[in-house]
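This report refers to the structure that appears directly beneath it.
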Amino acid sequence: MNQLENKISFKDRIKNFFGEKGSAALGLIILFVFMTFMSDRFLTFSNLLNVARQASINGIIAVGMTYIIITKGIDLSAGALVALTGTVAAGLIMNMGLPIMIAIILTLIVGALVGSFTGLMVSKQNIPPFIVTLALMTILRGLSFVYTSGRPIYVSNELFRVIGRGYLGPIPIPVIIAIFIGIIGHIVLKKTKFGRHIYSVGGNEEAARLCGVNIDRTIIYVYTSAGFLTAISGIILASRLSTGSPNAGDGAELDAIAAVILGGTSFAGGIGSVSGTFIGVAIIGILGNGLNLLNVSSYNQMMVKGLVILLAVLVNNIKLKKQNISR
Amino acid sequence: MNQLENKISFKDRIKNFFGEKGSAALGLIILFVFMTFMSDRFLTFSNLLNVARQASINGIIAVGMTYIIITKGIDLSAGALVALTGTVAAGLIMNMGLPIMIAIILTLIVGALVGSFTGLMVSKQNIPPFIVTLALMTILRGLSFVYTSGRPIYVSNELFRVIGRGYLGPIPIPVIIAIFIGIIGHIVLKKTKFGRHIYSVGGNEEAARLCGVNIDRTIIYVYTSAGFLTAISGIILASRLSTGSPNAGDGAELDAIAAVILGGTSFAGGIGSVSGTFIGVAIIGILGNGLNLLNVSSYNQMMVKGLVILLAVLVNNIKLKKQNISR
Amino acid sequence: MDNEILRLEGLSKYFPGVKALDDISFDLIEGEIHALIGENGAGKSTLIKVLTGAYQKTHGKVFYRGNEVKKLNPTKAKSLGISAIYQELTLFPDLTVAQNIFMGNEKVYNKSNIVKDKEMMNEVRKIFEKIKLDISPEILVKNLSIAQQQMIEIARAISLDADILIMDEPTSSISNKETEILFEIIEDLKKQGVTIIYISHRLEEIFEIANRVTVLRNGKKIKTLKIDEIKNKDQLVNLMVGKEVTDLFPKKEVKIGDTILKVQNLSAQNKFEDINFELKKGEILGVGGLVGSQRTEVMETIFGLRNFDNGEIILNGHKVKISNPQNAIDLGLGLISEDRKGTGIIKTMSVKENITLPGLDLIDRKYSVLIDNKSEEIAADALVDRLNVKTPSLRQKIDKLSGGNQQKAIIARWILLAPEILIMDEPTRGIDVGAKSEIYELMGELVAKGISIIMISSENPELLAMSDRIMVMREGKISGFLEGKKQTEENILKLAFGGVVN
Amino acid sequence: AQDDQLTVGVTTVTLRHQFFIDIDEGIKEAAAEHGVELFTNDPNVNAQEQVSAIEDYMVMGVDGLIVIGTDPAAIVPAVNEAAEQMPIVTIDMKLETDKVDSFVGTLNEDAGEQLGQYTRKYIENELDGNAKVAIVSWLESNIQQQRVAGFEKALEGMGNVEILQPQPGYDREESMNTVENILQSNPDVDIIYSTAENSVLGAKSALESARAEGVKIVGFDLTPEAADGIKDGRILAMIQQQPKEMGRRALNALVEKINGNEIEPLIPVPVLLYDEENVDEFLN
Ligand SMILES: Nc1ncnc2c1ncn2[C@@H]1O[C@H](COP(=O)(O)OP(=O)(O)OP(=O)(O)O)[C@@H](O)[C@H]1O
Ligand SMILES: Nc1ncnc2c1ncn2[C@@H]1O[C@H](COP(=O)(O)OP(=O)(O)OP(=O)(O)O)[C@@H](O)[C@H]1O
Ligand SMILES: O[C@@H]1[C@H](O)[C@H](O)CO[C@H]1O
Ligand SMILES: [Mg+2]
Ligand SMILES: [Mg+2]
């Protein structure tokens, strides 16, 4: 009987792996091999680091988005928050003359506060996250424009630029930050009480409440962390661009959401992983880089991007179907 | 017993009314009164017709979106489909020289086909609608650009312009079309087997399946109808602008979704109404009109729009809370 | 003197239009097993949800060891040592068994937020050993059967080391074997001084374990009795119903006709194989077996919900292809599922809409497309009346009804369709005695009209009383049929456990 | 590509607007004449994506870069970095850096002022110096901001001219709705200044369907449809830039530079002001 037990749990593990992110991994591999064959510029150390650097901002946002989507939420305001935090950081440094560290800390606080506001609206006020963040999307974007009067704030400070443009050895600093956040994000989700509660809220909120999980607090913490992470992205982007621009981060939320879903996290809640999300981030990053390398025309790029996302999820589903009993 | 029954069912009715769309109505009334006080131009027959005409395109899309959201779906590709159908209609008339009626019919078929593709992906392939339509959003937009080579197609045909710009008596034709579609949309949802099935799929898919509801077919029909309605909007917009533009309809899906949710339809599925949606459409229409009438500056408009949406839902929730015993 | 651990004074709980609890006073003595009984909708589940803080009371006071508890919420209740197994499953399908059991109660490295997975896993193994449950702690809960899930709930409640443990119909979806294990556990807990509130519609269980019994009716407390003050089951039933109830199994003899359904060599990989049986017109075929014996799967396959690899289904002499429930319904089949919440009710819809959903084609139409409101209401009303569904109105959302009344509404759904064959999977699960006998009576009427019934049941008395024949399954195979005098509890068990009946 | 063939990377603002499509065509034509291999990237108004594209071009090692900026500051670090590897020519939007080799395009503030002066004369001559002016623009763009600023500068000091807050108009539909609403709130509006192609055409549709005959449009970016508007009197005057010409000149200059020749740091492409007097020249 012990054998049966082990067998099931092994099968289970495989199934979990393939179900959630295995096929995203498959999609990534296919894309990778395809690109290697199509462009001799793709598989070079410098290009891969280049892709990683470009993907890092999306990666950081996507970690928070993973948490949010596991709780059945969504965050459409991430891109606008990238703009707001980027302009705030730039403004604090250039207009207020604050030291870099202070400016960064204050900016992170802004991000976290915006996130906790979202969390409050979602939990205590019970407003659908789609609506809260849809409203916040235009509010935060508007705030960034009002704050800057529509003029990007150029940051001349060299130290600040290092965050987004510097290297540690051969590795770009944003890549290091993103990997670090990915690892922490993974551990928090899988190995902490907080992570467990995130899954429980998304899996069965009623049951979680009855188990004594503090739903509201969990949701507020989730959005607060996501806001904090988005602020990090905002700072990195502002540093990369040496500019706090109210136009920055346009559409960033959609890239993050796409990465999360490609990585096997489900809108139905209760399922998902940071590692899967990073695979999704890699797919989207390579796709953007690849289409540029292959000189695909602008209009065709739109179509190809959409088709690849659709295909990636389709491949996923065909695998899932084979395992399913019916339907 | 009979008395109890009547009392309850009356209370029930009130509650249903307030719960689902009552507070949207309240929000609408507040906004309406506010605007009347703030601008003497607001409450004029010509301005109200003006608002109605502007809102009609959103209204038509939002009917389909209501159906979709009741089934727990979403359609992010509506705006792109507005562009595609608008350019196709313009192209058929101007480049192919087809008669208006034929061009319109073919365009409606294109809309319905795109919708049924979405429906197929969602039902048979079981891909989350957010992802299918996120992908379609860029695919359809890309198609419109490829089809037009990025150049808007100017429609000189006078008959075609009537659809978007004409009047029947004092009432703009788009308003008449939108009201007609609203009424039909309401009846189909509340009074037909198809409508009942829509609710059942959103409420509990497994239970509906067991009751012999053909889930896949219901979902496909829902998206097909939505695609058809979006095509109508695309045609009206092209007519209003005398142009089929691949940029048209940018963000139209977000307006439609906001209207649906403001109107009390729930992302959780199984709940919603076309009448509520129309209240939401009115709120969004008056908001846009009002901000222009009040000469609010461009950046502030962004913030105000977001805030009003948030407030409208908050008002809603406070009412709901009062009625709820606990939760 | 007995130690009172919990006392309720004048407790009321109102829902819109319903007084679910009306001025209840109740006391709980430390270490006792206190049974709570009453008809469907009497307020049992509501009472325990107030006690665990899941619902907020409308009026009244709660005292814990003599001190009033003002704000009772799930966290507070937990800190008082109150834990519960709810009537509805409260599990997380995508998490593992171990994660489920420790949800909200995780073991962490001192004061950190990091969980000790290994330790929790070992703990679970220990608990499982104690309750003789053979499930891997690493398996995802969604892969377990309902019964197994119920056992997980029980394990979770035990793991909490509660002072007061509330069990709301814990046995409604588990087999006799598991029930026995549960009772052993309860005895153990009692010895450790745990106080237990026990809710069940199976009155014989009450005599087996309870010290005292409180009877609720229509939200009011009728009486609390010591177990030795109770003469017999009928006395309890009378208290619950408020009138005399006789003849719990009122099945009349019905003339059995020709074969209507024939299932041949039906097999599905890893599920079941070589299923062969026949069903005759007007017959009630009982299906017995242990939980996990794949009875549900076989019937769901026949109803078109699942794929199969081999075999044939022959209806009225014709081979039929049933690839979805729609086909099945068109061919005159109906199925009442065992999972009321998951695959039964549609909670966003009203009682009326739930009843008419599969039978909308039978309702009159206006202009040939619009559902006629009147005709729909008349149909639903008649069924609500006939089945005695307790609901404030036809427009009430179905999830506001008590479990048993939801079940009756679901049965109404299929009666409206007048199927030729009705498959009932655990049809009386969680249903009170009064409603049970109504359902049995109804089954009798249905077969008298020539309808055939397949009834899966884990309650052997019910199988024995209602079935013309009993088919017993074991590990995905049919282990035998029992007819006439062979229909005994002992024989069912023999077949279920792999024995032979001669 | 053969080893001796030049490769040029182009990153534009968006290929979803006629104006930039025209620039792109100019670049393509000139590239074909020179036998240059072109890579084209469309970040669709997103600075971050434009930066990624520039980085991709650096990795690819193109010989030169044409940048049509999405943001005057945000892309500067990437542009500066690229400038160390290759010559760069910018079009349309002046970037806040001196590392690029040349700027080709319109001086937008000047052009806005030119149109403003024209409008000023109209107000003085035809409206006795009394006018209400509405502005429809997309102020998220720096270039549009410059056009508004130049225009407002030209009207400064006119006591009886009221200029309303700029109202949003990115695409045609939004511009049309905005103008319809302005007509409701300010039925006495005399002039609508639309700062780009879509806001001009949206305003034109709105005036047509509202049959608001007295109101005149001035704006940027002449298209055949807008030329019709000039002919039937709805549009007073338009600034026409020469996008194709910008594209050609930019590529020509870049090739010069790659071949080691010096080029002018500022290559202005003159704008033309069209009104009913000279619109036929455009149509021919
Ligand atoms: N959330 C709710 N909203 C409205 N009414 C409710 C709600 N929950 C329960 N009720 C009503 O309260 C009454 C008591 O229900 P409860 O579930 O406590 O009964 P029960 O004794 O547990 O019945 P069963 O044996 O069927 O489980 C019923 O009339 C039911 O319809
Ligand atoms: N030992 C086991 N380990 C894991 N899963 C099991 C095990 N035994 C059964 N299952 C799962 O449980 C389900 C068995 O169904 P179920 O228990 O409902 O059968 P049943 O005979 O209808 O019992 P019931 O009387 O409870 O309805 C199957 O889906 C199977 O995958
Ligand atoms: O100069 C261009 C064009 O005028 C275009 O129409 C809008 O964007 C500006 O950058
Ligand atoms: Mg109950
Ligand atoms: Mg079963």
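Order of the sequence lines fixes the chain letters, A, B, ..., with proteins taken first and strands second; residue numbering starts at 1 for each chain. Source: prediction; values computed, not measured.
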C/Y55 six-ring face occupied by C/K13 cation (under 6.0 Å, within 45°): yes
Would you mind telling me which of C/K78, C/K49, C/Q99 has the largest number of heavy-atom pairs within less than 4.5 Å of chain A? C/Q99
Interface residue of largest heavy-atom contact number with chain A, from C/N105, C/V115, C/T90, under 4.5 Å: C/V115
Looking at side-chain heavy atoms only, is the closest gap between C/E138 and C/V97 below 4.5 Å? no
Between OG of A/S77 and OH of A/Y223, what distance do you get to the nearest 0.5 Å? 9.0 Å
What residue, out of A/A208, A/G212, A/C211, has the most heavy-atom pairs lying under 4.5 Å from chain C? A/C211
I need the residue from A/A207, A/G270, A/G203 with the largest number of non-hydrogen atom pairs under 4.5 Å to chain C. A/A207
Regarding C/K116 and the six-membered ring of C/Y109, is the cationic atom NZ or CZ under 6.0 Å from the ring centre and inside 45° of its axis? yes
Pick one of side chain, backbone, both or neither for C/L91, based on which atoms fall under 4.5 Å of a heavy atom in chain A. backbone
Between C/E119 and C/K107, does any side-chain N to carboxylate O distance fall below 4.0 Å? no
Selection from A/G269, A/G202, A/S200, A/S266 maximising heavy-atom pairs under 4.5 Å formed with chain C: A/S200
Report which part of C/L95 has an atom under 4.5 Å of a heavy atom belonging to chain A: side chain, backbone, both, or neither. side chain
For the pair C/D94 and C/K142, find out whether any cationic side-chain nitrogen is under 4.0 Å from an anionic carboxylate oxygen. yes
Side chain, backbone, both or neither: which part of C/N113 has an atom under 4.5 Å from a heavy atom of chain A? both
